[in-house]
Every structure is written in structure tokens, then in C-alpha cells.
Amino acid sequence: MVSEEKIPVHVTIIMDGNGRWARQRGEERLFGHNEGRESVRACVEYAVEKGIRYLSLFAFSEENWNRPRAEVEGLMHLMLKAIMDETPLFHKNGIRFRVLGDMSRLSKELRAQIDDCMTQTETYERLTLVIFLSYSGKWDIVQAANRFMKENPGKELDAGALEKYLATAGIPDPDLLIRTSGEERLSNYMLWQTAYTEFYFTDVLWPDFRKTEFQYALDAFSKRERRFGKI
């Protein structure tokens, strides 16, 4: 532990390594995805405990639609089941639930469950849990620019205006980004919003990432000096 802990307002996590975790155990990839749910629950609970206001998780990228159909369908089923199972936890802990991404590609059943959970929890303020589903950073910037031009014909687009049309409008930019499994790249995730985010990479595979590993990342963040381009 560090002597003075600085708690980030917004922590975002690229949850990576489920497939490798499963292969190491001779199991199918979905086995790893399912086990990763336990890590999600642990991190949500720890975020509440630490007083983090926003926790966002990169669950499924636009590019992930290109994976084998059986895996995609399995992941969507897991997402649907997870929302249904975890809604009582959101009520108990005052967690606001949000999903951001291209909802047009999701099934009607999943969209309906997402909308219902978001409506049920929209007044909670203890923690906002954001799930990025069918999302990519490039898609976000393009859709924001298109929406701006459609609603403001002839007007010039600037950074401040664009931010109001991003999927994350109203959500503070991440202070800390964590990526598991040893990979060290953004993978087309929140390209605009992470301009001054602190990055933390760990070799731990996502199903093994629990409260202890989360604390290691928070300790590393506490040691960083954030200058935002200043001296």
C-alpha cells in the first residue's frame, strides 16, 4: 500500500484473457467468459468499497462480431443472464447500470433487458457501472460527428461540440485504464476519452483478476503524477 491513496473517479477495464484462461484448463472459450463474470462482480463490489464513482468495462467490441457465431451467441446469452442475475446487486448497492455501444446489432430480448435494468437503476448514484457492448472508439467518433452535422448543418465542429455527441457524454473521462492478460494496446477502445488517462497493464488473465489485483492497479495510480500537459 502507498502512504497516500488517490482514488480515481473513473476506472475503466479492458477485460482480456478469458480464452487463454480456458485453454490452459482444457476448456472451451465460453468457460473462461463465464468465469470472468466472477471477476466483474468482485471488481464492482470493490469499486463500491473504495468510493470509485464510475467503473466501465469493455465487454464486447465491434470487431468481436467477427468471432465464430457460436461464441458470439454464447457471449450474448451470458450478457443477458448476467444482467438478470446481477440486477438485485445493483439495487442493494445503489449502482446505476448503463450500456453504451451500437445497440442496433443486439437482439430484441437483450435490448429489452438492458433498457429495463437501466430504467430500474437510473436514480442510483453510489456507483455508475458502464458496460461497453458492440462498441469501438472509431465508431463512437464517427457517429458523434455525423449526429453533430445532422443537427447543426453549416456549423463548424470543434472538440467541445464533439464531446457532447459521444456515447460517453456526461461521463467523466477515465482516470485509470486497466488491461489484463499482458496485452498493451487500446484495441479501438475510447480513443477520444483516454487522451490523458493513466494506463496500467498486468499479465494476470481476467478470470484471475480480483480485489487484490485491483488494489495493485490503484496503488500504481496513486504513485502517478498527472500533469495534463503542464509542467
Side-chain angles (χ1 to χ4, degrees), residues 5-15 36-61 78-103 106 110-137 139-140 143-144 162-180 186 189-200 206 209-211 213-215 217-218 221-222 226:
E5 187 174 24
K6 295 182 289 187
I7 300 299
V9 173
H10 182 180
V11 176
T12 191
I13 305 177
I14 299 177
M15 306 177 292
R37 284 183 55 189
E38 297 301 320
S39 294
V40 171
R41 184 180 295 113
C43 288
V44 170
E45 291 175 347
Y46 201 53
V48 170
E49 180 182 332
K50 300 296 291 187
I52 294 167
R53 299 301 304 276
Y54 293 84
L55 176 66
S56 58
L57 306 173
F58 196 17
F60 192 87
S61 72
L78 283 176
M79 178 60 67
L80 179 61
K81 188 176 187 304
I83 295 171
M84 296 173 67
D85 290 348
E86 300 303 328
T87 299
L89 176 70
F90 301 155
H91 288 303
K92 178 181 178 181
N93 291 287
I95 297 171
R96 181 187 183 196
F97 178 74
R98 293 190 64 185
V99 175
L100 301 179
D102 184 0
M103 299 294 103
L106 305 181
L110 181 53
R111 291 202 305 269
Q113 190 63 45
I114 288 170
D115 289 342
D116 181 59
C117 187
M118 289 198 298
T119 299
Q120 287 188 48
T121 64
E122 63 184 356
T123 61
Y124 296 150
E125 298 181 347
R126 191 174 184 187
L127 171 73
T128 297
L129 174 64
V130 184
I131 304 296
F132 285 88
L133 188 60
S134 187
Y135 175 89
S136 83
W139 164 85
D140 197 2
Q143 69 83 26
L162 182 68
E163 287 180 345
K164 296 177 182 178
Y165 286 86
L166 292 171
T168 54
I171 298 172
D173 291 343
D175 301 294
L176 172 64
L177 180 147
I178 301 168
R179 181 162 187 162
T180 59
L186 279 175
Y189 178 53
M190 281 208 280
L191 302 178
W192 182 281
Q193 298 89 337
T194 54
Y196 279 100
T197 298
E198 298 293 327
F199 292 176
Y200 176 86
W206 177 246
F209 190 92
R210 301 297 168 89
K211 295 182 179 181
E213 288 72 30
F214 201 165
Q215 185 60 55
L218 295 177
F221 176 81
S222 290
R226 307 183 73 200

Non-neighbouring partners of Tyr200 that pass ring-ring contact (aromatic ring centres under 6.0 Å, His included), sequence neighbours left out:
none
ring-ring contact (aromatic ring centres under 6.0 Å, His included) filter on Tyr135, not counting sequence neighbours, yields Phe132, Trp139
Per-pair distances, 0.1 Å, donor-acceptor, side chain in residues 52-59, under 3.5 Å, sequence neighbours excluded:
from  : atom 1 : to     : atom 2 : distance (Å)
Arg53 : NH2    : Glu125 : O      : 3.2
Ser56 : OG     : His10  : NE2    : 2.8
Ser56 : OG     : Thr12  : OG1    : 2.6

Counterpart residues, side-chain hydrogen bond (donor to acceptor under 3.5 Å, both in side chains), relative to Ser134 (two or more places apart):
Trp65
With side chain to side chain donor-acceptor pair (under 3.5 Å) as the rule and sequence neighbours excluded, what pairs involving residues 92-101 come up?
none
Under the side chain to side chain contact (heavy atoms under 4.5 Å, CB included) test, residues paired with Asp115 that sit two or more places apart:
Met118
Residue list, side chain to side chain contact (heavy atoms under 4.5 Å, CB included) with Gln113, at least two apart or on another chain:
Leu80, Ile83, Met84, Asp116
Does the pair Arg41/Glu38 count as a salt bridge with the N-to-O cut at 4.0 Å?
yes
Show the numbers, then the answer: is there a side chain to side chain contact (heavy atoms under 4.5 Å, CB included) between Phe199 and Ile178?
CA-CA 6 Å; Phe199 292 176; Ile178 301 168; over 6 Å; no
Tell me every residue that passes salt bridge (charged side-chain N to carboxylate O under 4.0 Å, His left out) with Arg111, counting only those two or more places apart in sequence or in another chain.
none
Salt bridge Glu5-Lys50, side-chain N to carboxylate O under 4.0 Å:
yes
Residue pairs fulfilling salt bridge (Lys or Arg N to Asp or Glu O under 4.0 Å) with at least one residue in residues 162-179, sequence neighbours excluded
Asp16-Arg179, Asp175-Arg226
Qualifying residues under side-chain hydrogen bond (donor to acceptor under 3.5 Å, both in side chains), relative to Tyr196, sequence neighbours excluded
none
For Leu78, all residues meeting side chain to side chain contact (heavy atoms under 4.5 Å, CB included), sequence neighbours excluded
Leu30, His33, Asn34
Sorted by chain and residue number, the salt bridge (charged side-chain N to carboxylate O under 4.0 Å, His left out) partners of Asp85 (sequence neighbours excluded) come out as Arg37, Lys81
